[in-house]
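Reckoned from all heavy atoms, side chains included, excluding hydrogens, waters and symmetry mates. Model, not experiment: these values are computed from the prediction.
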Amino acid sequence: MGVGHEIIKEQQFFRKELRERVFWFIRLRWLAVAAAGAGLGAAYLDGLALPFLPLVLIIAAVGAYNLVFRDYGQRLELSPPSTAGPYILFAHFQISLDLLALYLLIWLTGGPASPLTIFVIFHVILAGILLSPASCFVYAGLVLAALGVTALLPPAGAAEGEAVDPLYRHLAFGAGVIITAYLTTSVKAALQSKGRELMGVSRELELSNTKLTSLYEMIEEVGSRTTFQKLLDSATRNAARIMGVKACSIKLYDQENNCLRFASTYGLSEDYLATDCISVEMSAVNRRIIEGSLFSIGRIEEESYFQYPENIRQEKIASMLCLPLKAEGRTLGVFCVYSGESDYFKESETGFFSLMTDLTAMAMDRLKQEMDRTWFLNKAAHQLRGPLNAIMSMLHLISGGYLEPARQLQTVDRCQKRLKILGEVINDLLKLTAQRREPEGRAKPEPLDPAEVLNSLTHLFRAKAGEKELSLEVEIGEGLPLVEGSRRLWDELFSNLIYNALKYTPPGGRVRVSLGRKEEGGLIFQVADSGIGIPEEDRSRLFTEFFRAKNAKAWEEEGTGLGLVMVKEILDRLGGRIEVDSQVGQGTTMTAFIPFRSIPAGEPEREGTA
């Protein structure tokens, strides 16, 4: 594909050159018509014995077909052909008609002795400029043959043997010299212009190669960092060096507070970094970037652009370029470079910085995933090691005979509880791992009825509610559609939310479950309980692996802290979201909003069951 692209670019280049020369040829012909008319007028006034009427008609014909050539050329400009063929044919027509007209003029002005004979050489030169080498040699042969023919024919103009005034020969020779000089210098100017263009392209390629080499080295260095802060610092330092700017910064996006915080900077003063949190709502610049737009400003003058314009002026920043750091559809933050020169960032710099930003975001996301994976493995090991150590200690007491028979039974009972907790942790870990390893969209969606899925779980949870003397109400809206999805995901979603509500609601309490349609589309699944509630300070960590609120640990020893993590990841996969409303001691309401894709028309909808 690369070779084909280069061939096309080469064809476009030579087609452009040919088009320019063809129109240059038309302009040159107007000068020739004017010079021929002036020369013919001078000959008439000088009283030369020439057939003036035929000569005037020939010159007029040249002017007429030049008008036709100009109109045809304008039509080519309006609808440019995809190949150079029409331009080449156009050049052949022009040279052929010019040579015909010129040889008629030569024959009418004395044949081989005509002072116009020298002008035939210019069409050979023009053929060499406009056409292929073979075409140039063909025209040279035709010129020589035509001169031979005119030598054999009797002259139609001046009387045989009558000498042409040397002055006219001298003038014709002088015109030939001038035209030769014009052709030579114009070709030289064109070559110099193309040479300068090539030099410019060469410099740009060299600069691009240097930048790409530096970018490669930067990515290698950034990729070798094992801590997030070192990665960010390496990125800002290298970005400032490669882009040739005075400063650079990375601000990370705090989604919860909807603000940006400086995470790494290079070349900025401490005063500039004093702002703890830059509100996205109050900063038009950062708001546009977070929404996914590139922001570039060549002359920083309007204060409305910035939340803290005085800091910009203090840093002597004249222009800036900012791009969002995005990975897998998530906005991680904002990457900015700052220059002390106005209009510093051209289109090429913008494109290059965009590439740098994407690679930096990928490196950030990769390192974060590795750190999260390491943390998860360490936390999982800790969750497994705790019950195991407790069980081993208690078994050691029994096997060593350190406990009385009555206490041995109690210890065995405690071991069983620990084993149950251990089994729950292992089971949830296996579920979560399988859920994360299953690529989105890999499993073929199957038609399923959310109402039927929830109904199938209801009798199981009614039994558990009865054990705790809880009131369980289940309300399923009628006419819910069949949707396409994985039954396992919907089962896990419903089960985890209902199980948590039953688990943390004291005896005599109430749990209400509902599934229905949203007015604006999609499904809404809600679980409300009158349980222990969730402290406000713990809600931000509610969907973090292994996290359990303090009052939840005090209420119930058993628990893995993975159920709500699975709920959140299932909703992310389904394109939904969850809202939590809770008051300590009064209960919790969890509301999941789930968009769905209905099965194709023609499949019957099922009635929900109350």
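Contact check for Val474 versus Arg462: side-chain heavy atoms found under the 4.5 Å cut-off. Considering only heavy atoms from C-beta on, Lys464 comes within 4.5 Å of Tyr499 through its side chain. Taking 4.5 Å as the limit, every side-chain heavy atom of Leu489 sits out of range of all side-chain heavy atoms of Leu493. Put simply, the side chain of Met243 does not reach to within 4.5 Å of the side chain of Ser339, judged on heavy atoms. Taking 4.5 Å as the limit, some side-chain heavy atom of Leu454 sits within range of a side-chain heavy atom of Phe525. Put simply, the side chain of Lys251 does not reach to within 4.5 Å of the side chain of Ile289, judged on heavy atoms. Side-chain atoms of Ile242 and Phe352, non-hydrogen and from C-beta on, do get closer than 4.5 Å to each other. Using a 4.5 Å heavy-atom threshold, the side chains of Phe543 and Val580 count as touching.
Counting only N and O atoms by type, the side chains of Ser264 and Asp233 include a donor and acceptor under 3.5 Å apart.
If you take CG on Leu502 and OH on Tyr504, they are separated by 12.0 Å, rounding to the nearest 0.5 Å. One distance of note links CG of Asn500 with CG of Leu564; it measures 5.0 Å at 0.5 Å rounding. A distance of 10.0 Å separates CD1 in Ile570 from CZ in Phe494, rounded to the nearest 0.5 Å. To the nearest 0.5 angstrom, Leu325 atom CG is 11.0 Å from Leu359 atom CG. Summarising the geometry, atom CZ belonging to Phe295 is positioned 13.5 Å from atom CD1 belonging to Ile290; distances are rounded to the nearest 0.5 Å. In this structure, the separation between CD1 on Ile534 and OG1 on Thr588 is 4.0 Å, given to the nearest 0.5 Å.
Between Gly533 and Ser582 the shortest heavy-atom distance is CA-OG, 3.4 Å. Annotation for Val483 and Pro450: closest pair CG2-CG, 3.9 Å, computed over non-hydrogen atoms. The two residues Cys248 and Leu268 come nearest to each other via the heavy atoms O-CD1, 4.3 Å. Contact detail for Ser530 and Thr505: the closest heavy-atom pair is OG-CG2, 3.9 Å. Here the closest heavy-atom approach between residue Gly508 and residue Leu470 is recorded as N-CD2, 4.0 Å. Scanning both residues, Leu321 and Phe345, for their nearest heavy atoms gives N-CE1, 3.8 Å.
Every residue two or more places apart in sequence or in another chain was checked for a salt bridge (charged side-chain N to carboxylate O under 4.0 Å, His left out) with Asp491, and none qualifies. In this structure Cys415 satisfies the disulfide (SG to SG under 2.5 Å) test with no other residue, sequence neighbours excluded. The salt bridge (charged side-chain N to carboxylate O under 4.0 Å, His left out) search around Asp343 returns Arg299, not counting sequence neighbours. Judged as a disulfide (SG to SG under 2.5 Å), and not counting sequence neighbours, the contacts of Cys336 are Cys322. Residues that satisfy the ring pair (Phe, Tyr, Trp, His ring centres under 6.0 Å) test with Tyr338, not counting sequence neighbours, are absent from this structure.
For Lys468, the NZ atom is densely surrounded, since the number of other residues' heavy atoms within 6.0 Å is greater than 12. Crowding of Glu536 atom CD: a count of heavy atoms from other residues, nucleotides or ligands under 6.0 Å not exceeding 12. More than 12 heavy atoms of other residues, nucleotides or ligands sit less than 6.0 Å from atom CZ of Arg539. Within 6.0 Å of atom CD in Glu473, more than 12 heavy atoms from other residues, nucleotides or ligands are found, so the atom counts as buried in its surroundings. For Arg510, the CZ atom is loosely surrounded, since the number of other residues' heavy atoms within 6.0 Å does not exceed 12. Within a 6.0 Å radius of CZ in Arg407, no more than 12 heavy atoms belonging to other residues, nucleotides or ligands are found. In this structure, Tyr266 places its OH atom where only 12 or fewer heavy-atom neighbours from other residues, nucleotides or ligands lie under 6.0 Å away.
Glu569 contributes no side-chain N or O that, together with a main-chain N or O of Met566, makes up a donor-acceptor pair within less than 3.5 Å. The backbone N or O of Lys230 lies less than 3.5 Å from no partner atom in the side chain of Ser234, so there is not a single donor-acceptor pair. The closest donor-acceptor contact from the side chain of Gln408 to the backbone of Ser399 lies at 3.5 Å or more, if one exists at all. Without hydrogens or angle criteria, Ser354 side chain to Thr350 main chain gives no donor-acceptor distance under 3.5 Å.
Shown are Thr591, Ile578, Asp529; of these, the side chain to side chain contact (heavy atoms under 4.5 Å, CB included) with Leu497 is made only by Ile578.
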- request: Determine, step by step, whether Leu252 and Met364 satisfy the side-chain contact (heavy atoms from CB on, under 4.5 Å) criterion, reporting the C-alpha distance in whole Å, the side-chain angles of both residues, the deciding distance to 0.1 Å, and the verdict.
  value: CA-CA 11 Å; Leu252 296 182; Met364 291 169 61; 3.7 Å; yes

- request: Determine, step by step, whether Ser456 and Arg487 satisfy the side-chain contact (heavy atoms from CB on, under 4.5 Å) criterion, reporting the C-alpha distance in whole Å, the side-chain angles of both residues, the deciding distance to 0.1 Å, and the verdict.
  value: CA-CA 12 Å; Ser456 69; Arg487 183 183 181 92; 3.5 Å; yes

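A salt bridge is absent between Glu537 and Lys550; no separation between the charged side-chain nitrogens and carboxylate oxygens falls under 4.0 Å.
Listed by first and then second residue, the ring-ring contact (aromatic ring centres under 6.0 Å, His included) pairs involving residues 566-592 amount to none (not counting sequence neighbours).
Geometrically, Arg577 engages Phe593 in a cation-pi contact, judged by NZ or CZ lying under 6.0 Å from the ring centre and within 45° of the ring axis.
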